[in-house]
Amino acid sequence: MHNTLTGRRDPFEPIEPDHVRLYVCGPTVYDRAHIGNARPVVVFDVLTRLLRRLYPRVTYVRNITDVDDKINARAREAGEPIDAITARTIVHFHDDMSALGALPPDEEPRATRHIQDMQRLIARLIDRGHAYEAEGHVLFSVPSMPEYGRLSRRSRDDMIAGARVEVAPYKRDPADFVLWKPSDDTLPGWDSPWGRGRPGWHIECSAMSARYLGESFDIHGGGLDLVFPHHENEIAQSVCANGPGTFARVWMHNGYLMVNGEKMSKSLGNFLTVQDLLARAPGEAVRLGLLSTHYRQPLDWTDAGLDQARRTLDRFYAALGRVADVPADEAAPVPEGVLAALCDDLNTPRALTELHALVGALNKAETPEDQSRLKGRILAAGALLGLLGQDPAAWRAGDSADDADLAARVEERIQARKAARAARDFAAADAIRDALAAEGIVLEDGPGGTTWRRA
RNA sequence: GGCCGGAUGGCAGAGGGGUUAUGCAGCGGACUGCAAAUCCGCGUACGUCGGUUCGAGUCCGGCUCCGGCCUCCA
C-alpha cells in the first residue's frame, strides 16, 4: 500500500497480525452526498472487502460529523432544527452509499455522542503543555510539536507564508488551531471546563479513533484534500496526547475528483450528487465508474465515462446470463490476478482487466465444467470488488424489471415475432423488433431463444 | 508567492529501463434470414527540450500546460 507518510509503497503489516483496524473520515451531514464524497466511500469499501479476505478480523470505523459550523449555517438559513437536518442527511447518506454497493462500517460514531471523549483528550493536551486556553477557546500549540507538518511535507514557514486569513488575536502562534470554541446561546454547545462550547473540527477523529480502535491502529484513510490541515492536525493531537509512535501507521488518500475537467463546485453549477447520478444510471455503474481509475489518480467524472461503465457491466452480465443455468463453482477462489492487482496498492483498473479476461474465457468455454469454474471465479472476483451481485436478467431489464406490464408486453411481442419468423415473414418480424428498439428495448436472438434488454 | 500531484493511441485507462496491457469506438472476417451478442484478426501511443544508458513512456534536469492544497471541503 502507498503510504502518504512515507511517500512510497510499503508492505502492509498490521500491528496485530490477525486484526486490522482502519479509520476513514466520513461525511459532515448538512447536505446530500456528491460524487466526490462517494469516491473514498467506494474505494475504502473495496479495501475493507480485500482486508476481510486476507485477515481473520477487520474493524472498520467511519465517523459522522454532526456538529459543524456548516450545519449550523444550514439550520439558520432553513429555519430548521439541527437534529432534523443531520438525521435526514444521515438517512440519505446511508441510502446513497448502499445504492453504490458500499457495506456499512463496523462502527459509525457520531461526534455529538463523543463530546466527553474529546474533552478528556483536550484536557490531556493542556496538561502536557500542548494546548492552552485563550478567550474561551482552547488552542493546540503547533510549536510544541517539532515534527508538525511531516504528513503534508510542509514547514511552518510555508504555512505562515501561505496564510490567507487573518490570524485570530488570541493565537500565540499563527499556525495554532482550535480544539474547543465557545458557543453563544444560539449555537449548539456543551458544558466544559473552558465554558459552554463546541469542539473544533479535528479533535473528533482523534477522540473517536482512539475510542474504537485504540491509540495506535493500522490505516487511516480519506480524500487527498484532508491531508492538510485535517489529518496533520489529527496526528498532532493524537501523538501529543498519547506519545510518540502512536496513531495511524499507514495513511491512504484518494485523489481528487473533477467533473468534465473542472473542479466540482456549486458556483460552476457542476455539483453532481449521488442522487442525480442514480437517476441516470444504476448504482453499480456509478461504482464501476469510480473504480475504473486507480484510487490515487485524479478522476474526471463524465457522462461518457458513466456510459462506458454501464456498457462494461452489460458485457459482464451478458456473459453471466448466457450461463444462467450453469451453477457457479461455490468453492472457486478469487482469481490470482485479481487478488494480486488489489494487493498492489488497490489497483482496481488492473483487477477489472483481469475480470475482462475471465469473461472472455467464459464466453469461449464450451463445457459445463469450464463454465462453472469460470463463473465461480468471476463471481468471487466481483464480490471482492462489490460488483456483479445481481441476477443477470434483472440487470438486463434495468428499471424495466419493476414494470410487470412492460415485461408482459415485450414477451407478447417476442412471441409474435417468433411466429412471424417461423412463417419466414421477416418483414413483419423486423417491424416488431424495430418498434421495440424505438422504445429502447433491444432483442437478441440466441440458441436458447430470444432475450431482451434495455438499450 | 510556497507546497503537492498529473500529462500514455480517436476516447477511457494500467504499466513503469529491452518483450509495448485492457476496455470502448473504428476497420476486416466468422456466425446470423437480417440484426444484436459472441468469437478471430488489425493499433509501437506515452506533453516538450536536453541528459544518463548498448537501449528510456519508464531514470535525472529544465520547460510548457492542467489540476489541487496553503481557509471549510472527499
Side-chain angles (χ1 to χ4, degrees), chain A residues 4 7 24-28 30-31 33-44 62 65 68-71 73 149 152-155 157-166 175 177 201 221-230 232 253-258 261-266 288-300 302 304-312 314-316 318-319 321-322 341 344 347-357 359-360 362-364 396 420-421 424-427 429-430 433-434 437 442-447 450-453 455:
Chain A
T4 308
V24 174
C25 289
T28 299
Y30 69 104
D31 205 352
H34 61 248
I35 184 68
N37 297 311
R39 170 124 99 148
V41 172
V42 169
V43 163
F44 290 106
R62 187 182 63 213
T65 300
D68 178 274
D69 287 347
K70 282 195 295 294
I71 302 173
S152 55
R153 289 164 222 286
R154 59 186 81 198
S155 69
D157 288 347
D158 292 341
M159 291 180 269
I160 292 165
R164 277 193 255 152
V165 285
E166 282 181 45
F177 59 90
W201 173 37
L224 195 56
D225 54 338
L226 292 180
V227 172
F228 189 89
H230 186 236
E232 195 71 70
H253 293 100
N254 61 273
Y256 296 103
L257 189 137
M258 295 183 293
E262 293 177 312
K263 180 184 180 172
M264 189 166 56
S265 76
K266 285 183 177 166
L288 180 61
L290 289 169
L291 295 177
S292 294
T293 299
H294 182 86
Y295 80 94
R296 288 198 291 117
Q297 290 290 117
L299 169 53
D300 188 9
T302 62
L306 183 56
D307 279 349
Q308 185 162 339
R310 210 190 58 169
R311 279 198 300 272
T312 298
D314 281 341
R315 170 173 148 84
F316 290 171
R322 261 173 235 120
D344 185 12
N347 194 329
T348 51
R350 213 169 85 209
L352 291 168
T353 295
E354 299 284 339
L355 208 44
H356 269 111
V359 166
L362 176 61
N363 285 333
K364 278 179 275 185
R396 273 204 305 269
R421 290 178 75 204
R424 303 200 64 80
D425 183 356
F426 295 121
D430 290 350
R433 190 173 60 199
D434 292 346
V442 178
L443 298 189
E444 295 182 356
D445 298 329
T450 299
T451 57
W452 64 280
R453 62 182 168 88

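Reminder, nothing fancy here: chain letters follow the sequence lines and each chain counts from 1. Bear in mind that the values here come from a model prediction, so they are computed numbers and not experimental data.
Rounded to whole angstrom, the span from the CZ atom of A/R153 across to the P atom of B/C70 amounts to 17 Å. Distance, A/L299 CG to B/A7 P: 14 Å, rounded to whole Å. Whole-Å rounding puts the A/H294 NE2 to B/G6 P distance at 11 Å. Taking atom OH of A/Y256 as the reference point, atom C1' of B/C70 lies 10 Å away to the nearest angstrom. One can place CG of A/L288 at 12 Å from P of B/G13, the figure rounded to the nearest angstrom.
A side-chain donor-acceptor contact under 3.5 Å links A/R315 to the backbone of A/H356. One N or O on the side chain of A/R39 and one on the backbone of A/G255 form a donor-acceptor pair closer than 3.5 Å.
The C1' atoms of B/U32 and B/U19 are separated by 39 Å, rounded to the nearest whole Å. The C1' atoms of B/G13 and B/C72 are separated by 33 Å, rounded to the nearest whole Å. For the C1' atom pair drawn from B/U20 and B/A14, the interatomic distance equals 12 Å after rounding to whole Å. Taking atom P in both B/U48 and B/G10, one finds a spacing of 13 Å when rounded to whole Å. Separation of the C1' atoms belonging to B/A12 and B/A74 is 23 Å when rounded to the nearest angstrom. To the nearest whole angstrom, the two P atoms, one in B/G9 and one in B/A45, are 10 Å apart. Rounded to whole Å, the separation between the C1' atoms of B/U58 and B/G6 comes to 16 Å.
Between A/N37 and B/A74 there is a side-chain polar atom (N or O) within less than 4.0 angstrom of OP1 or OP2.
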Nucleotide by nucleotide, nucleotides 29-36 of chain B touches protein heavy atoms under 4.0 Å in the pattern (B base, S sugar-phosphate only, - none) ----BBBB

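B/C31 is unpaired under the criterion used here, namely a Watson-Crick or G-U wobble arrangement in which both key atom distances are under 3.5 Å. Across all strands shown, B/U64 pairs with B/A7; the Watson-Crick or G-U wobble distances both stay below 3.5 Å. Using N1 to N3 plus N6-O4 or O6-N4 for Watson-Crick, or N1-O2 and O6-N3 for G-U wobble, each under 3.5 Å, B/G26 pairs with B/C42. Remark: B/C69 base-pairs with B/G2; criterion is Watson-Crick or G-U wobble with both hydrogen-bond distances under 3.5 Å. When both pairing distances are held under 3.5 Å, B/A56 makes no Watson-Crick or G-U pair with any nucleotide shown.
Taking the side chain of A/K70 as heavy atoms from C-beta on, and the options B/C72, B/A74, B/C11, the nearest nucleotide is B/C72. For A/K364, the side-chain atoms get nearest to B/C40 when compared with the rest of B/C40, B/C24, B/C70. Listed candidates were B/A14, B/C24, B/G23. Nearest to the side chain of A/T293 is B/A14. Distance from the side chain of A/Q297 is smallest to B/A14 among B/G23, B/A14, B/A74. Which of B/A12, B/A74, B/U38 sits closest to the side chain of A/Q308 comes down to B/A12. Of all nucleotides listed (B/G23, B/G67, B/A74), B/G67 comes nearest to the side chain of A/M258. Nearest to the side chain of A/N347, among B/U38, B/G15, B/A74, sits B/G15. Picking from B/G23, B/A21, B/A74 the nucleotide with the shortest atom distance to the side chain of A/T28 gives B/A74. Closest to the side chain of A/R350, from the set B/G6, B/U38, B/G15, is B/G15. Comparing atom distances between the A/F228 side chain and each of B/A21, B/A74, B/C69 picks out B/C69 as nearest.
Electrostatic pairing of A/D314 and A/R311 does not count as a salt bridge here, judged by no charged N lying under 4.0 Å from a carboxylate O.
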